[in-house]
Amino acid sequence: MAAGCRFPYGEAMRRIVEGVRRFQREIFPQKQDLFRRLAGGQAPRVLLVTCGDSRIVPDLLMQTEPGELFICRNAGNIVPAYGASTGGVSATIEYAVVALGIRHLIVCGHSDCGAMKGILYPDTLRAMPTVAAWLRHADAARHVVEALYPDRPEAEKLELLARENVLAQLANLLTHPAVAARLVGGTLDVYGWYYEIGTGAVLAWDGASNRFVPLEAGEQVPRASPRPRGVEA
Ligand code: ZN
């Protein structure tokens, strides 16, 4: 038994601690300059709102380094509308937009999402009243799926719901004053993504064509931002 720990190390914690040691021994020395620079402050340009799901590993998926992504994670990648809940998500977004001055805000949902399953099958949430209450912030997505795709098979509905939820959360995002003010001035862009765990594919909402399109490298990244005021098409 490890000193200071009431329980013997399980395999999961052993792996975690060994990982930390390996990071300190092998990875940290390789990136020492980066960490020295970051020790004095951060200046991320991107805020990522995504699900807490263990299969989403942002720095792996986006090949980013420490200091690049400011991340807000929660069950279902939800952003409560302004005023609906003064909680950690709203505070994190406000801090990222106002204090850090982030330029890009990505809301990323994913396939096989447990939160989306909870929305589709509310009976499974009976023992989780807090989750059930939280997922009400995604009610708009549920209603859109029911209206647009009532007869689709369940598996397809789950995927459609995850995508519609990204759009519903983007709409909620626009109710936040700090976000609205930056968007209208054209100094912030928002993006809606859907990540497919089994294939690695990422779909991005393209506000110009009103549909999800495969994310591809290039100059034109599909955006979900409304057009800034006073800027011609
Ligand atoms: Zn999820």
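Every heavy atom of this structure was used, including side-chain atoms; hydrogens, water molecules and symmetry mates were not. Order of listing sets the numbers, starting from 1, for every ligand and every atom in it. Computed from a prediction, not measured in an experiment: that's the story for all the values here.
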Step-by-step side chain to side chain donor-acceptor pair (under 3.5 Å) determination, Asp59 to Thr64: CA-CA 5 Å; Asp59 283 334; Thr64 36; 2.6 Å; yes
Could you check whether any side-chain N or O of Arg182 sits under 3.5 Å from a backbone N or O of Ile102, counting only pairs where one atom can act as donor and the other as acceptor? yes
Set of residues satisfying side-chain hydrogen bond (donor to acceptor under 3.5 Å, both in side chains) with respect to Glu94, sequence neighbours excluded: none
Check the angle between the aromatic planes of Tyr95 and Phe70 and answer parallel, tilted or perpendicular using the 30° and 60° thresholds. tilted
For Asp206, which residues count as a salt bridge (Lys or Arg N to Asp or Glu O under 4.0 Å) partner, sequence neighbours excluded? none
Residues in side chain to side chain contact (heavy atoms under 4.5 Å, CB included) with His176, at least two apart? Val79, Tyr82, Ser90, Val179
For the Zn ion (ligand 1), count the protein N, O or S atoms found under 2.8 Å away. 3
